[in-house]
Amino acid sequence: MRSRRGDGPPGWRDDPWRLKREQQLPTMGGQLRVMAAEQRSGGSGSRWRATVPAEHRFHITQLVDQASEQLVQLRGMHSGTTAEVARTLLENLSHSAELIGQALVHTAAAAVAAGVALEDVAAWSRLPAQELAEIVASGRDDG
């Protein structure tokens with residue numbers, strides 16, 4: 001099998017006009033399939049890293065990391081009196097939920113600012129569209 005693939009006209013591998021498969025342009029059919037998939041999935045068609053500033057991405061990542069650390073600290077916190085354990089669990093869980101909520105709002109606002117439809121972001125984030133529009137508007141006023 002390999003011998004058949006490797007066989008070609010003499011010197012064909014040395015041809016200066018020959019391109020490897022990964023360096024060739026995508027076919028029109030391939031490009032159309034990608035465009036159709038993007039249109040079906042919704043969104044702006046742009047890339048997250050290209051449209052959302054690095055400091056916003058970093059802030060969102062920090063919020064998620066802090067919430068994750070809070071939740072990891074809860075492992076093994078099930079000894080002690082009922083009131084102590086309940087207080088510790090509830091305080092840490094509510095703080096983690098607050099951090100996740102902030103990350104959700106920042107991510108939704110960044111997505112809308114990047115051109116994703118407000119209705120799509122509202123549906124994905126389970127936030128009311130009106131509330132999300134107000135958050136985005138207040139973010140634009142601040143920055």
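Worth knowing before you read on, the calculation uses all heavy atoms, side chains too, and leaves out hydrogens, waters and symmetry mates.
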Using residues 125-136 as the side-chain source, report each donor-acceptor pair under 3.5 Å to any protein atom, sequence neighbours left out, with the distance given to one decimal.
from: Ser125; atom 1: OG; to: Val121; atom 2: O; distance (Å): 2.7
from: Gln130; atom 1: NE2; to: Glu134; atom 2: OE2; distance (Å): 3.4

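For the atom pair CD of Gln70 and CG of Asp65, the computed distance is 12.5 Å after rounding to the nearest 0.5 Å. Here the straight-line distance linking atom NE2 of His59 with atom CD of Glu55 works out to 11.0 Å at 0.5 Å rounding. Atom CE of Met28 and atom CZ of Arg33 lie 12.0 Å apart (nearest 0.5 Å). Of the inter-residue distances, the one linking His95 atom NE2 with Glu69 atom CD reads 11.0 Å to the nearest 0.5 angstrom. Expressed to the nearest 0.5 Å, how far NE2 of His106 lies from CZ of Arg57 amounts to 15.5 Å.
In this structure, Gln66 has no side chain to side chain donor-acceptor pair (under 3.5 Å) partners at least two apart in sequence or on a different chain. The ring pair (Phe, Tyr, Trp, His ring centres under 6.0 Å) check on His56 picks up nothing, with sequence neighbours excluded.
Residues Leu93 and Leu99 are members of separate hydrophobic clusters, defined by side-chain heavy-atom contacts under 4.5 angstrom among Ile, Leu, Val, Met, Phe, Trp and Tyr. Ile100 and Ile60 fall into different hydrophobic clusters, where Ile, Leu, Val, Met, Phe, Trp and Tyr side chains are chained together by heavy-atom contacts under 4.5 Å.
Between Glu91 and Ser94 the shortest heavy-atom distance is O-OG, 3.0 Å. Scanning both residues, Val64 and Ala103, for their nearest heavy atoms gives CG2-CB, 3.9 Å.
Annotation: side chain of Thr107 is in contact with side chain of Trp48 (closest heavy-atom distance under 4.5 Å). Contact of the Asn92 side chain with the Leu71 side chain is not registered, since no non-hydrogen atoms from C-beta on lie closer than 4.5 Å.
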